[in-house]
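Below you'll find the structure, written out as structure tokens, and then a few comments.
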Amino acid sequence: MAGPVGCARGLRVTAEVSPQAGLFQRAAAAFAACVPVDPADDGFFGPGSVTWRLHADLSVPVSGLRSLLLQALHPLAMAGVDQHSQWRDDPAGRFASTAAYVLTTTYGDRATARAAAMRVRKVHERVRGVDPVTGKPYEAGDPALLTWVHAALVESGLAAAARYGVALTTAEQDQYVAEMTAVAELIGVPARRFADGGAPASVSELDAYFEAVRPSLATSKSTEDTASYLIGMPDVEPELADAWQVLAAAAVTSLPGWARDMYGFGAVPPGREEVRQVLGVLDAVYLGEPGVLEARQRLTLRMRAAERDQQAPAR
């Protein structure tokens with residue numbers, strides 16, 4: 001489906017970055033621009049949420065790549081990408097745009113998050129067609145497809161963190177899934193209980209969703225080409241190419257077994273410590289880019305203040 005867009009400032013900054021800039025440099029520019037300096041409110045989650053903590057975790061690069069690999073297994077979602085997106089012409093720009101949207105809906109105030117979601121919904125109005133593999137029609141704004149993309153993102157966040165990042169309790173995992181329904185509803189998933197067509201609101205509902213949707217999933221030449229491109233990623237900075245290969249292997253390893261089987265992946269997985277070291281290197285690359293350290297500090301200060309408030313005794 002068409003690539004999402006995020007904060008206006010982030011789009012302006014990433015557009016100003018040299019077209020020759022690599023994927024991580026442009027994603028870092030989006031991060032620096034989209035973390036608000038003076039938000040009107042705490043947004044849909046707030047600094048005390050599990051969502052803020054998870055989306056600031058080192059495992060996010062693995063989660064992001066994993067979610068794209070998972071999303072590509074849905075034939076109708078894949079058809080939308082094939083027929084309406086030129087992301088291969090500028091994969092770094094597409095990644096930065098996607099990052100800007102996630103950052104805006106995570107850390108932005110409510111008005112900014114709503115505006116970003118509305119821009120995506122406008123783009124989705126034009127994304128429709130017929131999947132040549134299944135012969136089925138699709139629309140990017142279809143709640144069923146939106147739920148698929150959303151569920152792949154949420155499940156990937158949990159899976160990547162479990163292997164390579166922050167340790168969440170069972171209750172925190174459920175809280176994250178429940179919190180993220182706010183993003184699903186912003187983009188057009190009905191604000192209903194899961195049983196009535198809404199987004200999954202717990203890990204058990206997320207598991208039930210994937211169990212129900214699996215018969216609809218399939219691979220095709222487009223799916224395989226997309227996966228090969230994402231894993232090879234020619235747009236990554238040359239000095240980070242080896243790190244990307246570890247990142248890609250980590251994303252593949254953390255996929256559900258049934259998804260790996262569908263792709264035919266059988267590579268030897270990297271060890272957790274190797275992946276953590278590479279993620280640390282990539283984080284250092286981010287921090288070295290203009291504005292990123294300041295944006296990280298803004299988030300950290302707000303999260304620490306929220307933690308102190310939560311621990312303060314009631315009066």
Side-chain angles (χ1 to χ4, degrees), residues 1-2 4 6 41-46 48-55 63-64 66-68 70-78 80 98 101-125 127-128 136-161 168-217 256 258-259:
M1 288 183 281
D41 53 57
D42 281 339
F44 286 92
F45 305 109
S49 65
V50 178
T51 297
W52 270 45
R53 183 150 51 106
L54 192 60
H55 289 187
S63 169
R66 182 192 187 276
S67 69
L68 294 176
L70 194 55
Q71 288 168 20
L73 291 173
H74 197 299
L76 302 188
M78 193 70 251
T98 301
Y101 178 74
V102 174
L103 289 162
T104 300
T105 53
T106 299
Y107 301 117
D109 57 42
R110 290 185 175 231
T112 305
R114 287 193 183 100
M118 186 56 64
R119 290 194 292 271
V120 175
R121 295 177 77 158
K122 288 291 186 183
V123 172
H124 282 174
E125 290 176 2
V127 180
R128 59 184 64 206
K136 295 180 179 179
Y138 67 84
E139 296 181 10
D142 178 1
L145 276 185
L146 295 172
T147 300
W148 165 253
V149 173
H150 171 79
L153 177 69
V154 171
E155 198 268 343
S156 291
L158 291 175
L168 297 179
T169 65
T170 299
E172 288 171 334
Q173 291 176 37
D174 278 333
Q175 183 178 338
Y176 174 65
V177 181
E179 288 174 357
M180 285 293 285
T181 60
V183 172
E185 291 164 9
L186 275 177
I187 205 65
V189 176
R192 305 171 186 158
R193 295 184 310 134
F194 173 62
D196 297 325
S202 67
V203 172
S204 63
E205 290 184 353
L206 194 62
D207 291 343
Y209 170 78
F210 277 102
E211 190 64 29
V213 80
R214 277 178 57 185
S216 303
L217 306 181
W258 53 264

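All values reported here derive from a predicted model rather than from experimental measurement.
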Handout entry: Heavy-atom side-chain proximity of F45 to V183 below 4.5 angstrom
Key = yes
Handout entry: Which atom of R110 lies closest to which atom of G43, heavy atoms considered
Key = NE-O, 3.2 Å
Handout entry: Euclidean distance, L73 CG relative to M78 CE, rounded to 0.5 Å
Key = 10.0 Å
Handout entry: Heavy-atom side-chain contact between T147 and P200 under 4.5 Å
Key = yes
Problem - Any side-chain heavy-atom pair of R53 and L168 under 4.5 Å - result: yes
Exercise for the section: Tell me, please, which residues at least two apart from T181 pass side chain to side chain donor-acceptor pair (under 3.5 Å). Expected result: none
Problem - Where E172 and V50 come nearest, the two heavy atoms and their spacing - result: O-CG1, 3.7 Å
Practice task
Rounded to the nearest 0.5 Å, what's the gap from CZ on F194 to OG on S202? Could you check?
Solution key: 8.5 Å
Fill in the blank from the handout: Value for CG (L186) from CG (L146), rounded to nearest 0.5 Å, stands at 11.5 Å
Fill in the blank from the handout: To the nearest 0.5 Å, atom CZ of R66 lies from atom CD of Q71 at 11.0 Å
Practice task
Look at the side chain of S156 and the backbone N and O of L153, then say whether any donor-acceptor pair between them is shorter than 3.5 Å.
Solution key: no
Handout entry: Side chain D174, main chain V203, donor-acceptor under 3.5 Å
Key = yes
Exercise for the section: Decide yes or no on ring pair (Phe, Tyr, Trp, His ring centres under 6.0 Å) for W52 and Y176, but give the supporting numbers first. Expected result: CA-CA 9 Å; W52 270 45; Y176 174 65; over 10 Å; no
Handout entry: Check: A151 main-chain N/O paired with E155 side-chain donor or acceptor under 3.5 Å
Key = no
Practice task
Please examine the side chains of P143 and H150, heavy atoms only from C-beta on, and report whether any two atoms are closer than 4.5 Å.
Solution key: no
Exercise for the section: Nearest 0.5 Å please: distance from the CD1 atom of I187 over to the CE atom of M118. Expected result: 9.0 Å
Handout entry: Nearest non-hydrogen partners of H55 and Y107, listed with the distance
Key = C-OH, 3.4 Å
Handout entry: Closest non-hydrogen atom pair between S67 and A152, with its separation
Key = CB-O, 3.8 Å
Exercise for the section: Would you name the heavy atoms of P75 and S216 that are closest together and state the gap between them? Expected result: CD-O, 3.3 Å
Practice task
Would you check if the side chain of R128 reaches a backbone N or O of P137 as a donor-acceptor pair within less than 3.5 Å?
Solution key: no
Practice task
Using a 4.5 Å cut-off on heavy atoms from C-beta on, say whether the side chain of E205 contacts that of V177.
Solution key: no
Practice task
Using the six-membered ring wherever Trp is involved, compare the ring planes of W148 and F210 and label them parallel, tilted or perpendicular (cut-offs 30° and 60°).
Solution key: perpendicular
Practice task
Return the minimal non-hydrogen interatomic distance between E139 and L145, and the atom names on each side.
Solution key: O-CD1, 3.5 Å
Problem - Rounded distance [0.5 Å steps], OG1 in T98 versus CG in L68 - result: 7.0 Å
